[in-house]
Every structure is written in C-alpha cells, then in structure tokens.
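Notes follow the structure.
Every value quoted in this text rests on a predicted model; they were computed, and no experiment measured them. Residue numbers begin at 1 in each chain, while the letters A, B, ... track the order of the sequences. Scope of the values below: all heavy atoms of this structure, side chains included, with no hydrogens, waters or symmetry mates.
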There are 2 protein chains.
Amino acid sequence: MAAKNNEKSAELTTEERIKEAARKVFHRKGFAATRTRDIADEAGINLALLNYYFRSKEKLFEIIMLETLFGFMQSLALIMNDEKSTLQTKVEQIASGYIDFIIENPNVPLFMLSEIRANSGGLMNKLPIKQMVSNSVFLKQHRKAVEEGKIAEPHPLHFLMNLLGLIVFPFIGKPLLQGISGVSDHQFKKLMMQRKKYIPVWINAMMKIR
Amino acid sequence: MAAKNNEKSAELTTEERIKEAARKVFHRKGFAATRTRDIADEAGINLALLNYYFRSKEKLFEIIMLETLFGFMQSLALIMNDEKSTLQTKVEQIASGYIDFIIENPNVPLFMLSEIRANSGGLMNKLPIKQMVSNSVFLKQHRKAVEEGKIAEPHPLHFLMNLLGLIVFPFIGKPLLQGISGVSDHQFKKLMMQRKKYIPVWINAMMKIR
DNA sequence: GTCTATAGGGGGATAGAC
DNA sequence: GTCTATCCCCCTATAGAC
C-alpha cells in the first residue's frame, strides 16, 4: 500500500479531500443547509464519489461531527487532567488554547452547539465525555479549593460555564457584536487576543481564587 | 373591523396562529431544517394557507426573524438608555431580565446567532441597532466610569461580551454542559436562577466597578 | 378563507460506462 | 476509482373547487 504510492505524496487522497471539504462546509452551514453538491464542488470531485466513499450524507456527517466533538473535548480533557498544573494554570491554558483554536476554526463552536441541539445530544453519548470530566483532576482541585475556602461559589458547573462563556461567546456572537459596535475584523481579533490574558484574571477575580 | 369580530375573541386569527407556529418551529429547528409542512401541522391548518397569508417560506421567515431580533434588542436598548439607573443597576436588570426571557424562550439565542451567521448579518442592517447602542446612556456611563478610574478595562465591548456571555452561554451550551455534568433540567434551571444574583456580583468583581 | 390536487424543481442516491 | 446520466422522493408553491 505504502510502497505503491507513487502519486503526489504531499497531497491528500480523494477520500481525505472529500472529508476535508465536508468538514469545511458542514462547519460553515450545518447539516440541514449543506447540499452534497456543495461538498463535491468544494472537494473538486464528482458528486457520485461522495456516496462511493461514504455511502450517504448522514454517514459522512456523523464522521465529521464525532471527530469535531472529540477534537474539541480532548484538548479540554488533557488540560483538565494534568496532575502537575494548578487550577489557575489550567484556566490560563484553556483560555489561551481555545482562543487560538477558535481563531483557526471560527465555525466550530456554533456548529457543535447547533448540531448537538438538533440531535438532542444523541451523538454525544457515543463519547465518554461525562466520565472524562467527572473523574478529572480539575474537579478534584476545584472541590479542594472550595473546602479550603479559596473559591466562593460551590458549584463547579458555574465555574465551567463562566470560563467557557467568556471564551466562546464572543466568537459565537461575533456578527451580532460587530453589528452593535461596528468594530472591524482586525480590531475584533485584537480584542480576542487581549482576552487570552484577561480571562484568567477575570475568572480569578470573579471566583475569588486565593 | 373590531365591531364585526364575533369570532371567539380569546383565540387567535388564522394568520396569527400560523405566525405563532412558524415562530415556534423556526426557533427550534432554524430556517434550513424546517419544512413548511411542520409549520402547517403545528398551526393545525392546511399547507396552502401558509402561502395564502405569507406568500413564501422566506417571507414568513423574514418576519419572524425581524420580530425576534427586534424583541431581543429592544429590551436591551430600553434598559441601556435609562437615564436614571446606574451602570450597576443596568447590569442587574439585564441579567435578571434576560435570564427570565431565555427561560421562557430557550431556543431564541441559538436561533438568532445561527441565522444571523447564515445571512452574514444582512437582516441585521434592517434594524437601527448600531445607533441604538452607540448613542446609549450605557456607553456614556461606561466612558465616564473609565475616565474616573472606576472600571479597569477601557473597551466597552469587553464589558458587553462578558455580560452577554455569562448570561447567554449557559443556555446555548446547555446540552453540552448537561452531557458533561449530568445535571437534570430541574437542577439546571435552579443554577440559572442563581445566576441572576451572581452575574452582577461577578461583573462587578471582574470589571472592578467601584 | 380554506380545502384538495398537483405542478415544478431541487437534492440525495444509484446504475452503468469508462 | 471516477465520471455521466438519471431516478425518485420530498418539499415549496400554485391552481382551482367549495
């Protein structure tokens, strides 16, 4: 298989090109609004090939959805389960890492949240997300900090909602916020970069981590 | 017109029933995923009536979209332009008002943000949102507070992003957050009610309003 | 105003040549 | 593996009876 590969090795296989095109289009328009023809055009291939490789639009979508969800949660889980880093450090890493990630993949958050909603979270049960988090070092550290009086609010979900809300919402709400404020794309990105430093400070002040 | 109305006056006209049904279905599934048949069924009327009253799916959608956007922005604008209330009070009113509103209309935020994105904000320009905010009392108060050193971060957009993020994100991310944490609907709502009190305190601590 | 029936078109999927 | 041609269903919209 590898030995016979005398095609331009730097490029992608047809199957991979279709998948990349599908990721792009699904992320931008969501499942319902994308047509298989959009994906075929984006990939520069014939429509029939999509079904040849992936059987159906649904199958292809499910692959993209699971990979996207997994990619998003995995980096969260890795940071959250670092035994060596403090809670404060975890917040810094999550803020910085996700802001960079979303700047590179601006459509992912709204895509994920919309499609999870559309499927009533059915697909989410295919990933062991809950265990990943409920046994996490992050949660243990949070519990300990609460016991020691270092964090004011007892429920860890508030902590997570605040952190993710501060990180993710500006991107999800970008068109609305730009419509309201009139800031340019360039200014907007600059503000987002600022937030990498601000968010840990804000979370610190809010949750009274001492 | 009013004198001749001897139909059951407590009920809605057919036109209104279609619009209410459309609002419900569009809010839940978005434009691309809703079929006109869904709306007709929800309204309990024949499919042809939809076109009789509203000409097309697009026209009907545009009406719903504009009303939704307007309703959402109007309450924000009203609070933001109150000359008598302080910045701190405005934050309390916005947090409390919007959390109540979203509990009643849980699909509105994701609907709005998804459809604004899909239309690249084209529809937003039909409403004078920018002026509404750029001339607001809120903005004047924010500027003054920054000048007096009462607010640490100079850019008002951070203030708005933080406030809206803390309010809106938990609802948008509800399926994900429940998948992660396993909290029930009842517990979730309780947490949201808590946030009506918490968010003003948090914003206060974050932005160092003195 | 409200219904039934149907036109018309778009989009997912497949057959079959190459 | 990749293409062309085509099927067929589903969805929007309209015609026309009542």
Side-chain angles (χ1 to χ4, degrees), chain A residues 1-65 114-115 118-119 123, chain B residues 1-65 114-115 118-119 123:
Chain A
M1 225 157 137
K4 287 194 90 175
N5 192 345
N6 56 359
E7 295 146 26
K8 346 165 190 172
S9 59
E11 308 220 344
L12 299 170
T13 66
T14 300
E15 185 171 357
E16 287 165 338
R17 282 172 59 214
I18 296 172
K19 229 172 79 171
E20 287 314 307
R23 192 188 322 278
K24 211 171 185 176
V25 180
F26 278 140
H27 281 182
R28 186 169 60 240
K29 313 216 292 183
F31 177 79
T34 85
R35 294 163 298 163
T36 50
R37 284 169 173 81
D38 297 336
I39 297 172
D41 289 350
E42 177 74 35
I45 52 101
N46 189 279
L47 174 56
L49 279 181
L50 189 151
N51 294 292
Y52 173 76
Y53 281 107
F54 295 99
R55 180 81 185 158
S56 76
K57 183 188 176 186
E58 273 81 7
K59 294 279 183 196
L60 178 53
F61 176 78
E62 192 167 332
I63 291 170
I64 299 301
M65 182 65 186
S114 297
E115 300 298 336
N119 280 305
L123 280 178
Chain B
M1 227 157 141
K4 287 193 90 175
N5 192 345
N6 57 357
E7 294 146 27
K8 344 164 192 175
S9 58
E11 308 218 344
L12 300 170
T13 66
T14 301
E15 186 171 355
E16 288 165 337
R17 282 170 59 213
I18 296 173
K19 229 172 81 171
E20 287 313 305
R23 193 188 321 281
K24 211 171 183 176
V25 180
F26 278 140
H27 281 182
R28 186 169 60 243
K29 312 215 289 186
F31 178 79
T34 87
R35 293 163 301 160
T36 50
R37 281 172 171 83
D38 297 336
I39 297 173
D41 290 350
E42 177 73 34
I45 52 99
N46 188 278
L47 175 56
L49 279 181
L50 190 149
N51 294 290
Y52 174 75
Y53 282 106
F54 295 97
R55 179 82 185 157
S56 76
K57 183 188 176 187
E58 272 82 6
K59 293 278 184 197
L60 179 52
F61 177 78
E62 191 168 334
I63 291 170
I64 299 301
M65 183 65 186
S114 298
E115 301 298 338
N119 279 303
L123 280 176

Evaluate whether atom NZ of B:K29 has more than 12 neighbouring non-hydrogen atoms of other residues, nucleotides or ligands under 6.0 angstrom away.
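Enclosed: over 12 neighbouring heavy atoms sit under 6.0 Å from NZ of B:K29.
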
Within 45° of the axis and under 6.0 Å from the centre of the six-membered ring of B:F31, does NZ or CZ of B:K57 qualify?
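Here B:K57 passes the 6.0 Å and 45° test against B:F31.
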
By nearest nucleotide on DNA chain C, pick out whichever of A:T34 and B:E15 is the more 5' one.
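Its nearest nucleotide lies further toward 5', so the answer is B:E15.
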
Out of curiosity, A:I63 CD1 to A:E58 CD, how far, rounded to the nearest 0.5 Å?
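Going from the CD1 atom of A:I63 to the CD atom of A:E58 covers 12.0 Å.
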
Nearest-Å distance for atom pair CG/C1', residues B:L60 and D:dT12
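After rounding, the gap between these two atoms is 13 Å.
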
Under 4.0 Å, heavy atom to any atom of DNA chain D: which of residues 40-59 of chain B qualify?
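Going residue by residue through residues 40-59 of chain B, the ones with a heavy atom under 4.0 Å of DNA chain D turn out to be B:L47, B:A48, B:N51, B:R55, B:S56, B:K57, B:E58.
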
Quick check for you: name the first and last nucleotides of DNA chain C, 5' to 3', having an atom under 4.0 Å from a heavy atom of chain B.
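Contacts span C:dG1 to C:dT4, reading 5' to 3'.
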
State plainly whether the residues A:K59 and A:E62 are in salt-bridge range, i.e. N to O under 4.0 Å.
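Here A:K59 does not pair with A:E62 in a salt bridge, since their nearest N and O are not under 4.0 Å apart.
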
Looking at B:E20 and B:R23, does any basic side-chain N land under 4.0 Å from a carboxylate oxygen?
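So B:E20 pairs with B:R23 through a salt bridge.
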
Among A:I39, A:L60, A:L49, A:T36, side chain to side chain contact (heavy atoms under 4.5 Å, CB included) partner for A:F54
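The side chain to side chain contact (heavy atoms under 4.5 Å, CB included) with A:F54 is passed solely by A:L60 among A:I39, A:L60, A:L49, A:T36.
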
Give the intermediate values and the outcome of side-chain contact (heavy atoms from CB on, under 4.5 Å) for residues A:H27 and A:I64.
CA-CA 9 Å; A:H27 281 182; A:I64 299 301; 4.2 Å; yes

Measure the shortest side-chain to side-chain distance between A:F26 and A:E115 over non-hydrogen atoms and say whether it is less than 4.5 angstrom.
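In short, these two side chains do not touch, never coming nearer than 4.5 Å.
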
